[in-house]
Each structure stands twice: as C-alpha cells, then as structure tokens.
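Encoded as structure tokens, the structure appears first; notes follow it.
Numbers restart at 1 for each chain; the letters A, B, ... are given by sequence-line order, proteins then strands.
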Number of protein chains: 2
Amino acid sequence: MNSSAQPGGVPARPTSRDVAERAGVSQATVSLVLRERWQGRVSPARAETVREAARALGYRPNLAARSLRLGRTRTALVVVPALSSEFFAKVYAGAARVAAEHGFGVVLYPSPEGIGPAPDPFAHSSATLDGVLAASMAAPALRALSGGGLPLVMLDSEPQDPGAAATVNPDIADGMRRTAAHVLDLGHRRLAHLAADVDSWTFRERADALARETARVPGAAIVRTERAPLSVRGGLAAAERALTADPRPTVLVCDDDVLAVGALKAARRLGLRVPGDVSVTGFDDTELSTAVEPELTTVRLPATAMGEEGMRALLAALRGETAPGAVLPVALIPRASTGPPPAG
Amino acid sequence: MNSSAQPGGVPARPTSRDVAERAGVSQATVSLVLRERWQGRVSPARAETVREAARALGYRPNLAARSLRLGRTRTALVVVPALSSEFFAKVYAGAARVAAEHGFGVVLYPSPEGIGPAPDPFAHSSATLDGVLAASMAAPALRALSGGGLPLVMLDSEPQDPGAAATVNPDIADGMRRTAAHVLDLGHRRLAHLAADVDSWTFRERADALARETARVPGAAIVRTERAPLSVRGGLAAAERALTADPRPTVLVCDDDVLAVGALKAARRLGLRVPGDVSVTGFDDTELSTAVEPELTTVRLPATAMGEEGMRALLAALRGETAPGAVLPVALIPRASTGPPPAG
DNA sequence: CTGAAAGCGCTTACAG
DNA sequence: CTGAAAGCGCTTACAG
C-alpha cells in the first residue's frame, strides 16, 4: 500500500521514509543528502537520485521532528511592542535578513501592550525557540521575557540589564542632545517636554538628556513637562495644556513623531503658527514626519541596523560567544517645524 | 544522577519524565493531568501532586514533541503584506484574539513584498502549521502560498479564488461607491483617480466601483487616472501630474490614505487650497487621516472584525466544516478634505 | 484508577 | 560508501 494515501483519501505528507523507498536507499542517506552532509559519504550519483525522489514527492522535512531530534530549532523570537510602527517593522526586517543569512528563521511576537492578546510569548510560538530578540520593552513585559530562560538580546533598552546577553541601542541620549542643542542654538529658552507616558529606558533617556542639555545654557529651562499616551490625540491634548500655560513655551520637544503631530494640530487650533509662534520637534523620523505640514524636525534612528546588529549578537550568544553590545549613531534631521522663537 | 543537570552545568529543561519522577507517577499520568484529560481517570489528589511537581520544576511541555506526536500544531500562519500599517496590525490582533480563544496560536509572516526577506513562508515557520490566513496579497505572493497545501483563508482578496477555503472581505466596492457618490453629490464632475500601483483584487475593485458610480452621473467623468506606489512621495508625484493637467480635476479620489496625504502636499505646493480649489479623499481611515490638515474624508474598514471572522473561518475549515465566507460593511467618514468644487 | 509500551519523523553515532 | 538502530519528548490505546 502506498504510504502517501490514507483511508480517507487525504494525501499524507511524504516523509523521509517515502523518499528513501523511492530512491532505493536508507532513511539515513536521505537525511545526509538533504542536509548537505553527504560529501565523501554518499556517491554523487546516489545523492542526485535522492534529490530527485524528494522533488518528485514534494518532500518537506517535518520541522517538529527535526527540532525534537536536534534539541534546537534555528528559530528566534522577535518581540516588538507595536506592529503598526515603521520603526519596529524595520527592526524586524533587519533581524530577519541577518537570521536568514545564517539559516535561522524568525517568529514575530507583538507584545500585548502594543497590540496582541497572547499573554505568554512562549505558550504558542509553535515550537521551541533558540533565543529572543526584544525591542523597546517596558519593564513588566521585560520581566515576563527573562523568565523564559533563553538567550536574550535587548534593543533600545537598559544597557546593564542582567537578564540580557547583550544590548544594542541607538544613541538616544545623543539624539535628544542634538535636538536640544538645535533649538537652544536657535535662541529658544522656554522649552516644554511632551513626554511619552511609557515607563521604559528609551523615554527615560530622552528626558534625562533634554534636562542635561538645557541646564548647560544659562537662562534656558524646561518650563513644563506634559505626559501623553503615544497617539496623535494624546499629543494634541498634552500640547494644548502646555501651550495655554503662562509663560507659554516657545518650543515643544516631543518624545515621538506621533506626539509632535498632535502638537502641530494643537498649535493650529490655538491659532499659533509653526514655527513662527512655536517650534515643534519629533523623534523617530517615521513617514508621519514628512506627511504633515510643516514637516517635522526629528531624530532618525537606525532601525534596520538595530535589527541586524541585534540578531548578530543573538547568533553569537547562541554559539556560546560573548555577544558584543553596540551603540549605534543617530542623526538630527532639521526640517521646517523649527525656527527662531518669536521676538519678545 | 539528576537528569536536570548536564555535564557542562547548564540546567536542562525538565521533561514530563522529570515531573513524573518527582510526583511519583508515570509519564502518562503527567500528560493526562496537564492536558486536562484526567477527570475520572486520575484521582484529584494525584492530579494536584502532579501539578505541584510541574510548577516546582518550572515544567513546560516541549511543543516540538507534542506536535510530532499529534500531527498538528494548533498554530496558524497569518500572512500580511506590510507590518507598518495599522490596518494589518488590527487584522492580526483580531485573528490572534479568536485563535487564542480556541487554544490556537498564531505566527506572523510579513510577506516579502511588504517588508520581510524570507522567500518561503513555510521554510522557517519554526514548525508545521495547521493553516494559513492571508491578507491583501498580490497575485504572485498568493500563488506561493497556495502551494503549501494547507487550508487557506483569504482576507481582502478575490472571492472566487479556487485555492481558498473561504474569503472574508470588506465591502470595498461599497466603500468606493459611497466615496464617489459623496463627491458627485457635492457637485464634482471632473474626477481624478490616484490608483495604487499594486496588482491585487482590492485595488481593482476600487477602480471598478469608482468607474461604475461615475458613469451613473451625466456629465461626470474620470478625467485622469494616475498610478502611484503606496507612499506619501508616490501620492505627491501622481497628484502633481493630475493637478497640472488641463482641464484640472476638482477632486482627487485616492486608493489609500497614504496617497491622499501625498495629494494634500501636492496641492499645497501648487498653491491650491483643499477643499476650496480641490477636494481629496482617502481610503482606510488610518491614524494618518486625522494627523494631517485638513483631515481626510476616507473609508473606514473593519480591520479587527476581518481578522476575527477570517480566523473563525479558518478554524471551521480545520474542523472539516465548510467555512463561511463573509462581506463586512464599511463606512464613509466625511471630514474636512472634501467640499463643493470651485465655481466655474 | 494507573502504568508500560509504541510510535510520531527525524538525525547521528556506530557497525559493517 | 551504506544501513540498522537508538532516541529526542510527548500522547494515547491498551492491559491490568
């Protein structure tokens, strides 16, 4: 009886046994050939026969069986807080590219805080994982991850985290420092900070760098800090609060492009021109920042490079090497949303 | 020797055998208890002992072994063309929620055309999959998927596709019909269509509906169709071409919010007011549509519901039932980017 | 109510 | 150069 047919008539998936039978060799030979471990152990002619049989049957190795046997899966989990952000999409793309180069696959896990509903990234990753690459996680989500006992590389996160094999960060502090220097150089002295209402390293870093740089300039001060959820609406409400305060700030330094877009809307509603009456800065350089008018002065983060470097570090850790951390450079992109403060 | 310690000192993951040993029962009992199949077969006291042992050891079943044994994984692949879009993020969220309700997990595969590099969604899904849910795929990507031989449910795609067990669509034609009716009612007669440069059902549907509805009104015509890649920049260039044509259209009907945002920028560059000189419509109702000024008249798609319904259809197909297709209603959201055409 | 045993599909150390 | 056999960790039909 043909093992590729079942009682119900549903064609069963061919196994390496089927391939072996068709090629007239043992299962072992099939495995050797298909895994490219045959050189000097199987004759070239036989190897070709095996490949042909596999092709003819449409054979695909059962990955569950392979994983079980090998004890590893050549699969990494990439955890991101939000799917709908270009930044994380690029991080993923970079990580997946490097993983593929090394014969690794990648499973994406959008963490619950961002979007998904699954409470446990390990409950249903479809199989065992070899390692985890996690980006920009808030503290609680991070703790859940550390519990997995897998090699973990963090992106855009606390550098000294003891649970991580390595950390790959953009130079957030430098990005905010450049932003602050840019508006201070333009002459601004009354700054407001529109801060993301998220407890994570990356946003603490922004707040600290802004405070430090502002303190270096005599007469300059952060006259107001408004926390906002990461949405246009959140930025709008926070900016309205900041812009109706007395004295009114002359620049809104925002933790994220999406908040800055909200700030532009707030200014317009209040009849303030940007940058004539008030300047606005963003952070991330997403497509949003050039979608609006005026286009946003913002900080470009090396998203793809972070995914790539992070995956390299994870693969190194999986080989048992000490994974190198990294701090990647960022760039300030000056656009039309910033200018000199109004006279007086 | 303790099986949870290895020569190297690395703690091995505990297995069901370890749990059985600690609880003083057989491996079979462990499996029965942890899979909740013990009622009437194992005494409650023993069941509790097993659960305690599992907890104490931090036991997690090896999913590769379970999958191999069961021949299925309770895992579906969700394929989306782009990660950085709220629409697909919501589709994913809906699908994952319904899957979780049924004890299914979900693995995300951003198809290469959108963003990712992996050429074969099946090469590295980390294990076998039970089924596939694919959204808005262009024709070639779709063909690759059909080859998997897995139950396939399509979202936002050709309804009659023979490879799919079911198709769940938003009522795209109705959305574009309402958009066209809205601008025709306002008095517009010279329409331009900013069409997405993507060969897929959803965009063909938009073009057809727009043409049909326009043809119903005497004197109205699509005076120009411009194809554009799906980006702000693409929309900008296409809109500049359309707006410098003679006669100039009085409204730009765009296939997507991102194109409409580009159209707003083009109008501004040409010194045209929106909607005073030219009206603009979008499609999708993403956050972009309210980020810009004026805010976009657009069509809201039931993204989350599509993910939910799609996953329900896939789970039905996996149970061997005939999966119901569905067409979900959409809504026109009129905002400030549309108004009456200029006099003359 | 409980346990011993078989087997899912694969890979690899070993024997020839 | 090739094959027979063991075993990865789990689940389930079967025997007691």
Distance (rounded to the nearest 0.5 Å) between B/Leu68 CG and A/Asn62 CG: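 Reported value, rounded in 0.5 Å steps: 6.0 Å.
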Please confirm whether the shortest side-chain N or O distance from [X] to OP1 or OP2 of [N] is below 4.0 Å.
| X | N | result |
| --- | --- | --- |
| B/Arg46 | C/dG3 | yes |
| B/Ser67 | C/dC8 | no |
| A/Thr15 | C/dG9 | no |
| A/Arg35 | C/dT12 | yes |

Residue matched to C/dC1 through Watson-Crick or wobble contacts both under 3.5 angstrom: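 Across all strands, the one nucleotide that pairs with C/dC1 is D/dG16.
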From [options], nucleotide with atom closest to [X] side chain:
| X | options | result |
| --- | --- | --- |
| B/Thr29 | C/dT12, D/dC10, C/dT2 | C/dT2 |
| B/Ser26 | C/dC8, C/dT11, C/dG3 | C/dG3 |
| B/Arg69 | C/dG3, D/dT12, D/dG7 | D/dT12 |
| B/Ser43 | D/dC10, C/dC1, D/dC8 | C/dC1 |
| B/Ala65 | C/dT11, D/dG9, D/dT2 | D/dG9 |

Any B/Val33 side-chain heavy atom under 4.5 Å of B/Arg51 side chain: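 Side chain of B/Val33 against side chain of B/Arg51, heavy atoms only: contact under 4.5 Å found.
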Residue closer to the 5' end of DNA chain C, B/Leu68 versus B/Ala28 (nearest nucleotide):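 Whichever sits nearer the 5' end wins; that is B/Ala28.
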Whichever of B/Gly40 and A/Val30 has its nearest DNA chain C nucleotide further upstream toward 5':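 The residue closer to the strand's 5' end, by nearest nucleotide, is B/Gly40.
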Atom-pair distance ([atom1] on [X]; [atom2] on [N]), nearest Å:
| X | N | atom1 | atom2 | result |
| --- | --- | --- | --- | --- |
| B/Leu32 | C/dA4 | CG | P | 14 Å |
| B/Gln27 | C/dA6 | CD | C1' | 12 Å |
| B/Arg17 | C/dA6 | CZ | C1' | 14 Å |
| B/Leu57 | D/dG9 | CG | P | 14 Å |
| A/Arg37 | D/dC1 | CZ | P | 18 Å |
| A/Trp38 | C/dT11 | CH2 | P | 17 Å |
| B/Arg66 | C/dG7 | CZ | C1' | 17 Å |
| B/Asn62 | C/dC8 | CG | C1' | 13 Å |

Sugar-phosphate only, base, or nothing, as touched by A/Arg41 at under 4.0 Å among non-hydrogen atoms: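 A/Arg41: base contact, heavy atoms under 4.0 Å.
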Touch class at under 4.0 angstrom, heavy-atom based, for B/Leu70 against every strand present: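 Contact class for B/Leu70: sugar-phosphate only.
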A/Asn169 side-chain N/O to A/Asp156 backbone N/O, donor-acceptor pair under 3.5 Å: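 Yes, A/Asn169 side chain to A/Asp156 backbone: donor-acceptor pair under 3.5 Å.
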Of all the heavy-atom pairs spanning [X] and [Y], show the shortest one and how long it is.
| X | Y | result |
| --- | --- | --- |
| A/Tyr59 | A/Ser16 | CE1-N, 3.3 Å |
| B/Pro81 | B/Ser136 | CG-O, 3.9 Å |
| B/Val50 | B/Val19 | O-CG1, 4.0 Å |

